[in-house]
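This is a predicted model, so every value here is computed, not measured.
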Amino acid sequence: MGSIDEETSLLEAEQSLLQEEVKLYAEDGSVDINGNPPLKQKTGNWKACPFIFANECCERLAYYGIAKNLITYFTNELHETNVSAARHVMTWQGTCYITPLLGALIADAYWGRYLTIACFSAIYFIGMVALTLSASIPGLKPAECIGSICPPATTSQQAVLFSGLYLIALGTGGIKPCVSSFGADQFDQTDPNERDRKASFFNWFYFSINVGAFVSSTLLVWVQENCGWELGFMIPTVFMGLATASFFFGTPLYRFQKPRGSPITRACQVLVAAYRNMNLKLPEENHTPLSEVTDGYKFLDKAAMISEEDTIHDPWKLCTVTQVEEVKIILRLFPIWASGIIFSVLHSQIYTLYVQQGRSMQRTIGSFEIPPATLGMFDTASVLITVPIYDRLIVPFVRRFTGLAKGFTDLQRMGIGLFVSVLSLAVAAVVETVRLRLARESGDMTIFWQVPQYFLMGTAGVFFFVGRIQFFYEQSPDTMRSLCNAWALLTTTLGNYLSSMIVTAVACLSGKDDGWIPSDNLNNGHLDYFFWLLVCLGSVNIPVFVLFSVRYTQKKV
């Protein structure tokens with residue numbers, strides 16, 4: 001008996017050692033650079049994040065170094081009108097947020113997030129070089145104005161400029177949807193400790209974005225308007241090179257998730273199979289292994305059924321239950337996703353009409369003239385202030401009442417962001433009303449009255465953008481995380497395009513010279529009316545978002 005007991009105890013000891021050994025490795029399906037299960041002590045977690053944060057900080061510095069003051073480049077250097085310049089900027093920014101669909105599809109289906117980021121970074125860098133050349137070589141930019149005569153850009157000059165801009169848009173499409181998900185992949189979802197740290201990762205990830213944006217809003221904007229656009233575009237180009245280098249330096253520490261096939265193909269197979277099987281009768285009870293999925297969209301369940309006559313498995317006629325549930329998840333997310341479009345319309349104003357509003361205000365301190373785009377620093381400054389306060393003070397305080405590790409739910413956080421964005425536009429409208437009155441009385445209004453509207457919009461971003469990133473990462477299927485992140489970013493595209501359409505429509509309906517948004521002098525228009533229009537649009541969006549959020553939460557099992 002003694003020998004049997006000894007053998008049993010030895011066996012239990014060996015099993016215990018094996019369990020401890022397993023816990024040394026990440027168990028979420030990730031691998032290290034050599035394709036082996038990643039050792040937790042040497043890979044992932046916070047030790048891998050500094051390289052990802054540095055990459056995102058430098059890349060966003062490069063992007064915002066272009067975006068923050070691009071409308072000024074179009075108006076001052078290319079001699080575009082206010083409406084034309086705003087339309088060009090909004091269209092380009094919209095494209096920057098639609099190309100992530102391509103990058104996400106490639107990452108999820110073929111290359112993985114790491115390789116996708118690396119390849120598209122090269123495209124991004126080439127675009128930055130082309131843009132810098134277009135602003136540096138005399139033959140590639142319009143001649144300076146002679147009095148009131150300002151020659152427009154030629155077709156070839158526009159070709160070089162827009163080639164650079166849209167190569168940047170393509171490059172950011174492979175980085176933007178992947179880098180936040182790649183960073184989140186460094187935390188093992190099966191480990192409760194690492195899972196809790198992931199929520200904090202998203203806060204500091206957004207913080208790193210805005211460190212780069214802050215430098216762009218201050219140093220780069222000043223350089224562009226005082227030292228020339230050649231240097232103003234060259235500096236972001238250098239930082240884009242640093243972003244790529246930083247990303248590669250962290251390679252030995254990363255954890256990698258393997259691509260799992262095309263998520264779009266999988267979704268299309270479900271839709272086609274459901275249509276083919278539409279005449280089949282569902283059983284009275286339809287069990288599903290994914291308990292978190294709602295009971296809705298029963299018609300899709302037919303995609304997982306097969307008739308008695310069919311004996312050959314055809315993925316376009318018979319899908320797995322997992323595939324069906326993935327499509328259900330996407331459909332459930334759609335109303336939440338759509339509510340973000342109006343937020344993007346409001347948020348896009350900080351790069352366009354907020355800047356033009358500031359250009360019409362008193363901007364001098366002594367002999368120093370403040371570039372209007374510099375006020376964007378208060379948008380990013382509010383993020384740099386709000387993120388640490390939110391992560392270290394607000395979350396622990398709210399956690400006492402909600403019992404949630406991250407304080408607010410992601411949907412609650414997004415809702416707060418929507419409300420604050422409407423406040424920002426309301427403040428902008430009030431400021432513009434007062435500015436117009438003073439301007440028509442031969443008075444001036446200092447540009448620093450814009451600080452509250454920028455600060456509020458930055459705070460809105462902390463709540464909405466971070467909440468959205470985390471919400472779509474956690475709620476999306478494992479095989480579609482990059483794609484769903486890109487899908488969420490698509491609201492920014494649609495928001496910019498919608499904003500461009502609204503600006504164009506308002507200009508046409510109200511008049512180009514004496515309407516709400518005049519071609520030249522804003523003092524002859526009513527930009528405040530336009531801002532109030534956006535306030536109304538945002539105010540309608542809030543209850544719609546709340547309604548769909550409540551329905552989403554209630555339908556969740």
Side-chain angles (χ1 to χ4, degrees), residues 60 63-64 67 89-105 169 172-181 202 205-206 209 263-264 267 329-352 379 383 410-422 424-425 457-476 480-503 534 537-549 551-552:
R60 288 291 92 184
Y63 173 79
Y64 287 117
V89 173
M90 290 174 181
T91 303
W92 174 72
Q93 287 185 331
T95 305
C96 287
Y97 285 88
I98 198 172
T99 53
L101 288 173
L102 173 64
L105 178 61
T172 194
I175 299 173
K176 192 67 177 172
C178 297
V179 69
S180 61
S181 297
F202 286 113
F205 177 80
Y206 192 64
I209 289 175
I264 292 181
I329 290 173
I330 300 301
L331 292 176
R332 288 178 59 229
L333 291 174
F334 182 81
I336 306 297
W337 170 84
S339 298
I341 297 174
I342 302 301
F343 178 86
S344 296
V345 171
L346 273 57
H347 191 268
S348 67
Q349 304 310 312
I350 64 176
Y351 306 113
T352 53
D379 164 59
V383 175
D410 297 327
L411 291 175
Q412 289 171 341
R413 185 169 183 173
M414 292 167 68
I416 294 171
L418 291 175
F419 176 75
V420 177
S421 69
V422 173
S424 174
L425 264 295
M457 192 60 79
T459 303
V462 171
F463 282 91
F464 186 84
F465 285 135
V466 180
R468 185 182 69 179
I469 292 172
Q470 190 163 354
F471 177 76
F472 276 87
Y473 181 86
E474 293 184 351
Q475 299 299 318
S476 61
M480 298 184 178
R481 279 181 171 156
S482 293
L483 185 64
C484 285
N485 194 10
W487 187 47
L489 294 172
L490 185 60
T491 60
T492 303
T493 296
L494 298 179
N496 277 277
Y497 288 166
L498 179 58
S499 181
S500 179
M501 292 173 58
I502 294 173
V503 168
L534 296 186
L537 196 61
S539 298
V540 172
N541 187 48
I542 291 174
V544 173
F545 175 82
V546 171
L547 173 64
F548 284 120
S549 297
R551 290 181 60 186
Y552 181 91

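Annotation: side chain of Ile98 is in contact with side chain of Thr95 (closest heavy-atom distance under 4.5 Å). For the pair Met457/Ser421, a side-chain contact is recorded, criterion being any heavy-atom separation below 4.5 Å from C-beta on. Counting only heavy atoms from C-beta outward, the side chains of Arg60 and Lys176 approach each other to under 4.5 Å. Annotation: side chain of Phe471 is in contact with side chain of Tyr552 (closest heavy-atom distance under 4.5 Å). Counting heavy atoms from C-beta on, the side chains of Leu537 and Ile502 come closer than 4.5 Å. Side-chain contact between Phe463 and Phe419 is absent, with no heavy atoms from C-beta onward closer than 4.5 Å. Within the 4.5 Å cutoff, the side chain of Cys484 has heavy atoms near those of the Ile330 side chain.
With hydrogens and angles disregarded, a donor-acceptor distance shorter than 3.5 Å links the side chain of Asp379 to the backbone of Gly458. A donor-acceptor pair is defined here as one N or O able to donate and one able to accept, closer than 3.5 Å; such a pair exists between the side chain of Thr491 and the backbone of Ala488. Ser424 places no side-chain N or O within donor-acceptor distance of the main-chain N or O of Val420, the cut-off being under 3.5 Å.
The nearest pair of heavy atoms linking Val422 to Ser539 is CG1-OG, 3.7 Å. Nearest heavy-atom pair, Leu346 versus Gly538, reported as atom, atom and distance to 0.1 Å: CD2-CA, 4.3 Å. Counting all heavy atoms, side chain and backbone alike, Pro100 lies closest to Cys96 at CD-O, 3.3 Å. The shortest non-hydrogen separation linking Gly103 to Cys178 is O-SG, 4.2 Å.
Side-chain N/O atoms of Ser348 and Gln93 include no donor and acceptor closer than 3.5 Å. Between the side chains of Tyr497 and Ser344, no donor-acceptor pair is found at a separation under 3.5 Å.
Partners of Phe202 under the ring-ring contact (aromatic ring centres under 6.0 Å, His included) rule, at least two apart in sequence or in another chain, are Tyr473. Tyr63 pairs by the ring-ring contact (aromatic ring centres under 6.0 Å, His included) definition with Trp92, not counting sequence neighbours. For the ring-ring contact (aromatic ring centres under 6.0 Å, His included) test, no residue two or more places apart in sequence or in another chain qualifies with Phe545.
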*Step-by-step side chain to side chain contact (heavy atoms under 4.5 Å, CB included) determination, Thr352 to Val503*: CA-CA 11 Å; Thr352 53; Val503 168; over 6 Å; no
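The distance from the CD atom of Glu474 to the CD1 atom of Ile469 is 12.0 Å, given to the nearest 0.5 Å. Going from atom OG of Ser339 over to atom CD1 of Ile336 covers 6.0 Å, rounded to the nearest 0.5 Å. Taken to the nearest 0.5 Å, the CG atom of Leu534 stands 5.0 Å off from the CG atom of Leu425. Separation of atoms OG (Ser549) and CE (Met414) is listed at 7.0 Å; rounding is to 0.5 Å. For the atom pair OG of Ser476 and CH2 of Trp487, the computed distance is 10.0 Å after rounding to the nearest 0.5 Å. Distance CD1/Ile209 to OG/Ser180: 8.0 Å, rounded to 0.5 Å.
In this structure, Arg468 fails the cation-pi test against Phe465, since its NZ or CZ atom is not both closer than 6.0 Å to the six-membered ring centre and inside 45 degrees of the ring normal. At least one test fails for Arg413 against the ring of Phe464: distance under 6.0 Å to the centre or angle within 45° of the axis.
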